[in-house]
Amino acid sequence: MDGNDRLAEQFEGHRSHLRAVAYRMLGSLGEAEDAVQEAWLRLSRTDTATVENLGGWLTTVVGRVCLDMLRSRRARREEPVGERLPDPVVSPADGTDPEQQALLADSVGLALLVVLETLAPAERLAFVLHDMFGLPFDEIAPIVDRTPAAARQLASRARRRVQGASPVPDRDPARRRQVVDAFLAASRGGDFEALVAVLHPEVVLRADDGPAAPLVVVRGAEAVASQAFRFRHLAPFARPALVNGGAGTVTVVEGRPVSVMDFIVADGLIVAIDILADPDRLARLDLALLED
């Protein structure tokens, strides 16, 4: 094995971690892959004899790449922050796909990623690297061109915005799935009262149909139940899946994915539903693992 092969093997050992960092930073699976690839290109041009901690070095590089991508995204953004849902990570309902499990080791739901989208790029980086991956502030500081104390303040400010903004799901996955199954059963049966019964009074539904239509936001149990009632003809085609590590569904009609739904269940009630129904983005997701 020559030096390049050895370096590539070492990089592959860190790839899952780097993808996880980039996904939390960017909320886009495609952009996360681009960031990881850029890290590899930079590594291949670097004298690794000067790199003492390869994993830390790569995490720092991915952090810098993601920070630049976030700043570029904001500079060219034509839509307000939060007008599109992040990419979901979809796994089989039994959670047996190891690569997806590595990407979502701590089950970062879409609702949390939506909140992260509202943070300034430097705040998001400081929060993700410190709170989610345990990177010390003296290593984060050079990435954001701040002192360690200022980097700590960035993470603290982000933490205050995140806390309470994203609902905390029930810990029992079986209980979460039971509640989602009850929602689907009520939808299939056209039982409006049963739909309302499994929804929190202040439930929020977000539906992303693609850039041609604005993000739909529906609030309140009766309004969300009415929305589900309108689309009850699709309920029989919903397949159970893990969406960002939590209970979700993928709706497939005649072999074509129609939507991915992510549910957050807290205290036995559905408190948030995120629906990706953008045909172009659905086509780019790897949903073959859910085929019968």
Would you say [X] and [Y] are hydrophobically clustered, going by side-chain heavy atoms of ILVMFWY under 4.5 Å?
X: M69; Y: M25; value: yes
X: V89; Y: F133; value: yes
X: V61; Y: L7; value: yes

Please find the pair of heavy atoms, one from [X] and one from [Y], that lie closest to each other, and give the distance.
X: A238; Y: T249; value: CB-CB, 4.2 Å
X: L199; Y: L195; value: CG-O, 3.2 Å
X: A141; Y: P148; value: CB-N, 3.6 Å
X: A126; Y: L154; value: CB-CB, 3.9 Å
X: L26; Y: A32; value: CD1-N, 3.9 Å
X: A272; Y: V203; value: N-CG2, 3.9 Å

Straight-line distance of [X] [atom1] to [Y] [atom2], nearest 0.5 Å:
X: T59; Y: L129; atom1: OG1; atom2: CG; answer: 7.5 Å
X: R230; Y: R232; atom1: CZ; atom2: CZ; answer: 11.0 Å
X: W40; Y: R45; atom1: CH2; atom2: CZ; answer: 11.0 Å
X: L54; Y: F11; atom1: CG; atom2: CZ; answer: 9.0 Å
X: D278; Y: L215; atom1: CG; atom2: CG; answer: 11.0 Å
X: L234; Y: L184; atom1: CG; atom2: CG; answer: 11.5 Å

Any donor-acceptor N/O pair, [X] side chain to [Y] backbone, under 3.5 Å:
X: R146; Y: A151; result: no
X: T60; Y: G56; result: yes
X: T147; Y: A150; result: yes
X: R176; Y: A266; result: no
X: D170; Y: G268; result: yes
X: D274; Y: L110; result: no

Going by heavy atoms in the side chains, are [X] and [Y] under 4.5 Å from each other?
X: M261; Y: V243; answer: no
X: E33; Y: Q37; answer: no
X: L41; Y: E38; answer: yes
X: V21; Y: L18; answer: no
X: R175; Y: V265; answer: no
X: L285; Y: P88; answer: yes

How about [atom1] on [X], more than 12 heavy atoms from neighbouring residues, nucleotides or ligands closer than 6.0 Å, or not?
X: R42; atom1: CZ; answer: yes
X: E202; atom1: CD; answer: no
X: E12; atom1: CD; answer: yes

Ring-face cation of R124 near F127 (centre distance under 6.0 Å, axis angle within 45°): no

Full working for side chain to side chain contact (heavy atoms under 4.5 Å, CB included) between W57 and L43: CA-CA 9 Å; W57 187 91; L43 177 63; 3.7 Å; yes

E123 and its salt bridge (charged side-chain N to carboxylate O under 4.0 Å, His left out) partner, picked from R160, R159, R157: R157

E117: which of R73, R24, R84 passes salt bridge (charged side-chain N to carboxylate O under 4.0 Å, His left out): R73

Derivation and outcome, side chain to side chain contact (heavy atoms under 4.5 Å, CB included), residues D5 and E9: CA-CA 6 Å; D5 290 340; E9 184 178 39; over 6 Å; no

Side chain to side chain contact (heavy atoms under 4.5 Å, CB included) assessment of V179 paired with L269: CA-CA 7 Å; V179 173; L269 295 174; over 6 Å; no

Results of salt bridge (Lys or Arg N to Asp or Glu O under 4.0 Å) for R284 - residues two or more places apart only: none

Mutual orientation of the aromatic rings belonging to F137 and H130 [parallel < 30°, tilted 30-60°, perpendicular > 60°]: parallel

Candidate pair L113 and N244, rule side chain to side chain contact (heavy atoms under 4.5 Å, CB included), full reasoning: CA-CA 10 Å; L113 288 172; N244 283 57; 3.8 Å; yes

